[in-house]
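Note: hydrogens, waters and symmetry copies are ignored here, and every other heavy atom, side chains too, is used. In what follows, every chain begins at residue 1, and chains take the letters A, B, ... in the order their sequences are listed.
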2 protein chains.
Amino acid sequence: MSFSITEENYIKAIFHLQQAEGNVSTNELAAELHTKAASVTDMLKKLKAKKLLSYEKYKGVRLSNEGKKLALAIVRKHRLWEYFLVDKLQFGWDEVHEVAEELEHISSKKLVEKLDAFLGYPKFDPHGDPIPDSHGKMAVQVQVNLIDLPVNRLAEVSGVGSQSTELLELLKHKHIGIGTRLEIKRKFSFDHSIEIKIRNQNPFTISQQLAQALFVKPV
Amino acid sequence: MSFSITEENYIKAIFHLQQAEGNVSTNELAAELHTKAASVTDMLKKLKAKKLLSYEKYKGVRLSNEGKKLALAIVRKHRLWEYFLVDKLQFGWDEVHEVAEELEHISSKKLVEKLDAFLGYPKFDPHGDPIPDSHGKMAVQVQVNLIDLPVNRLAEVSGVGSQSTELLELLKHKHIGIGTRLEIKRKFSFDHSIEIKIRNQNPFTISQQLAQALFVKPV
DNA sequence: AATTATTTTTAGGTAAATCTAAAAATAATT
DNA sequence: AATTATTTTTAGATTTACCTAAAAATAATT
């Protein structure tokens, strides 16, 4: 069975949204896909008929095993292409997403497998997200202390080492939160401070104490 | 301005058909695109409004400069991707066309330029067809190895790769000489032998070794 | 030149994916 | 529990690319 680009985008969006919560609502989907709730309802009926998800009126939606399989195949393609663009074509990691959104819909199975081999079966994409293998299995992302993150390796803040108001005050001031994506540009051995860069911001330095209080994933 | 995949396929088809003849007819296009004449008429009106071609009722169609530019950009992408698939991903040259038909519609200009650089600015694709450069210019095909001649492309034998008596003996036996016109009907990947057809003769097969020893000029 | 055959266009309709506006169901609040 | 607010669905239209069948234009043949 084959699916349209639109159908694939719905499946992918549901997949991402249901990571956080269980069932995904019509409005959430409409927001994610920049469309209207009425359009979503129509499409959900269609995808239900194709057995990609379970859906009952007013009760939200959840992917079937078939749907998950399809979602993982699309995510796999998306992340492999991102890896290709950065590693082989010298794109910056912050400019590959749009292109990969198009490339992920190229259908050839053989292409995906050969691309994977050509790239050396990478486990993580340039943003640090795990790449599903040909069976849909993803490597587990281990949490690393920010102080141990290698230079120039993109990571996402995934946790903090304490809940103290002092720490939170500092994080708020620096605009760092869970999900903030950053990379280390330099490490200074004198005081173990590190210079970090957040997308669209100028690099700035943080102390060893702060770095040790932050956990990131991966790489 | 941006164009749908369907529109791009029309432009590409017109480009290829008008190489041979001047104006392209509605029926020719319908056959090429596996659609019906009525659908073609509809689309021609649309493409005319977008200034990609000149079209007058019942008089066939011809690409404008804009249209040619677009066609060359698509052909460029198609052939670069074919080169990538064969050269980097180890596809056979006979299994890349379908995949390239999808990849040629990826829109990112930056991707095309970076891919071209990554591949080392190749001048010909794996079928021996010239790859337009970023300005739309194509290398002139002087002589091509017979093994690289596209299927169903009429060509004239223009040279041999060696002067050995063994080769000449074989050529004499097969009635092949300088100036002989032939075309390839099939290529067999098992032993890379090819089936060729010479005017007024039944097709026959020649070995990879012989094909590689022959140079031809497309007519 | 008149008739026949072919090609091309028009007219009217379908399916996919979208929309707006209104109705129905669910959730939140008084 | 009743009312209000929000979410979701239905109903009816629109756009793109396609279709069939009939009409119009062009080409071929007698």
Side-chain angles (χ1 to χ4, degrees), chain A residues 1-15 17-18 20-63 67 70-71 74 101-102 104-105 107, chain B residues 1-15 17-18 20-63 67 70-71 74 101-102 104-105 107:
Chain A
M1 201 167 197
S2 146
F3 306 98
S4 74
I5 290 177
T6 308
E7 288 170 333
E8 290 195 352
N9 283 334
Y10 270 86
I11 294 298
K12 196 178 53 146
I14 296 166
F15 180 79
L17 290 172
Q18 81 175 20
E21 313 160 56
N23 276 26
V24 178
S25 77
T26 303
N27 264 357
E28 279 178 291
L29 261 174
E32 176 82 7
L33 293 164
H34 305 105
T35 182
K36 299 298 156 70
S39 309
V40 172
T41 302
D42 283 351
M43 183 57 91
L44 291 184
K45 286 182 197 162
K46 201 175 144 196
L47 293 176
K48 184 188 179 180
K50 291 194 173 193
K51 301 198 184 302
L52 290 173
L53 44 81
S54 59
Y55 161 65
E56 282 184 77
K57 275 192 194 178
Y58 298 102
K59 300 224 166 159
V61 75
R62 185 185 284 265
L63 292 184
L70 177 57
I74 301 166
E101 289 283 302
E102 285 188 64
E104 73 191 2
H105 301 293
S107 58
Chain B
M1 201 166 196
S2 147
F3 306 97
S4 74
I5 290 177
T6 308
E7 289 169 333
E8 290 195 352
N9 283 333
Y10 270 85
I11 293 299
K12 196 178 54 145
I14 296 166
F15 180 80
L17 290 173
Q18 82 177 18
E21 313 160 55
N23 276 28
V24 178
S25 77
T26 304
N27 264 356
E28 279 178 292
L29 262 173
E32 177 81 7
L33 294 163
H34 305 105
T35 181
K36 296 300 157 65
S39 309
V40 173
T41 301
D42 283 352
M43 183 57 91
L44 292 184
K45 285 182 196 162
K46 201 174 143 196
L47 294 175
K48 183 188 178 179
K50 292 194 173 193
K51 301 199 184 301
L52 291 173
L53 45 82
S54 60
Y55 160 65
E56 283 183 78
K57 274 191 193 175
Y58 298 102
K59 300 225 165 157
V61 76
R62 184 185 285 265
L63 292 183
L70 176 57
I74 301 165
E101 288 283 302
E102 284 187 65
E104 74 190 3
H105 301 293
S107 59

Inset, instruction - Check every strand shown and say whether A:T26 touches a base, only sugar-phosphate, or nothing at a heavy-atom separation below 4.0 Å. - result: sugar-phosphate
Inset, instruction - Under 4.0 Å between any heavy atoms, over every strand shown, what does B:T41 touch: base, sugar-phosphate, or nothing? Just pick one. - result: base
With a 3.5 angstrom cut-off on both distances, give the Watson-Crick or G-U wobble partner of [N], or none if there isn't one.
{"N": "C:dT18", "answer": "D:dA13"}
{"N": "C:dT9", "answer": "D:dA22"}
{"N": "C:dT4", "answer": "D:dA27"}

Quickly work out the [X] [atom1] to [N] [atom2] distance and round it to whole Å.
{"X": "B:E7", "N": "D:dC18", "atom1": "CD", "atom2": "C1'", "value": "14 Å"}
{"X": "A:K36", "N": "D:dT7", "atom1": "NZ", "atom2": "P", "value": "15 Å"}
{"X": "A:H34", "N": "C:dC19", "atom1": "NE2", "atom2": "P", "value": "12 Å"}
{"X": "B:L33", "N": "D:dC19", "atom1": "CG", "atom2": "P", "value": "10 Å"}
{"X": "B:D42", "N": "C:dT8", "atom1": "CG", "atom2": "P", "value": "15 Å"}
{"X": "A:Y55", "N": "D:dT8", "atom1": "OH", "atom2": "C1'", "value": "7 Å"}
{"X": "A:I5", "N": "C:dA16", "atom1": "CD1", "atom2": "P", "value": "16 Å"}
{"X": "B:E56", "N": "C:dT8", "atom1": "CD", "atom2": "P", "value": "15 Å"}

Shortest non-hydrogen contact from [X] to [Y]?
{"X": "B:Q18", "Y": "B:R62", "answer": "OE1-CA, 3.6 Å"}
{"X": "A:A71", "Y": "A:L63", "answer": "CB-CD1, 4.1 Å"}
{"X": "A:E8", "Y": "A:E104", "answer": "OE1-O, 4.2 Å"}

Is the distance from OP1 or OP2 of [N] to the nearest side-chain N or O of [X] less than 4.0 Å?
{"X": "A:N27", "N": "D:dT8", "value": "yes"}
{"X": "A:S4", "N": "C:dA16", "value": "no"}
{"X": "A:S25", "N": "D:dT7", "value": "no"}
{"X": "A:K57", "N": "C:dA24", "value": "no"}

Legend entry - Earlier contact from the 5' end, DNA chain C, for A:K59 and A:Y10: A:Y10
Inset, instruction - Please tell me which of A:S39 and A:Y58 maps to the more 5' nucleotide of DNA chain C, matching each residue to the nucleotide holding its nearest heavy atom. - result: A:S39
Legend entry - Contact check, side chains of A:V24 and A:Y55, non-hydrogen atoms, under 4.5 Å: no
Legend entry - pair B:F15-B:I74: side-chain heavy atoms closer than 4.5 Å: no
Inset, instruction - Taking only the side-chain heavy atoms of B:A38 (C-beta and beyond), determine which of C:dC19, D:dA21, D:dC18 contains the nearest atom. - result: D:dA21
Inset, instruction - For the side chain of A:A37, starting at C-beta, report the closest nucleotide among D:dT9, C:dC19, D:dC18. - result: D:dT9
Legend entry - Salt bridge flag under 4.0 Å for residues B:K12 and B:E32: no
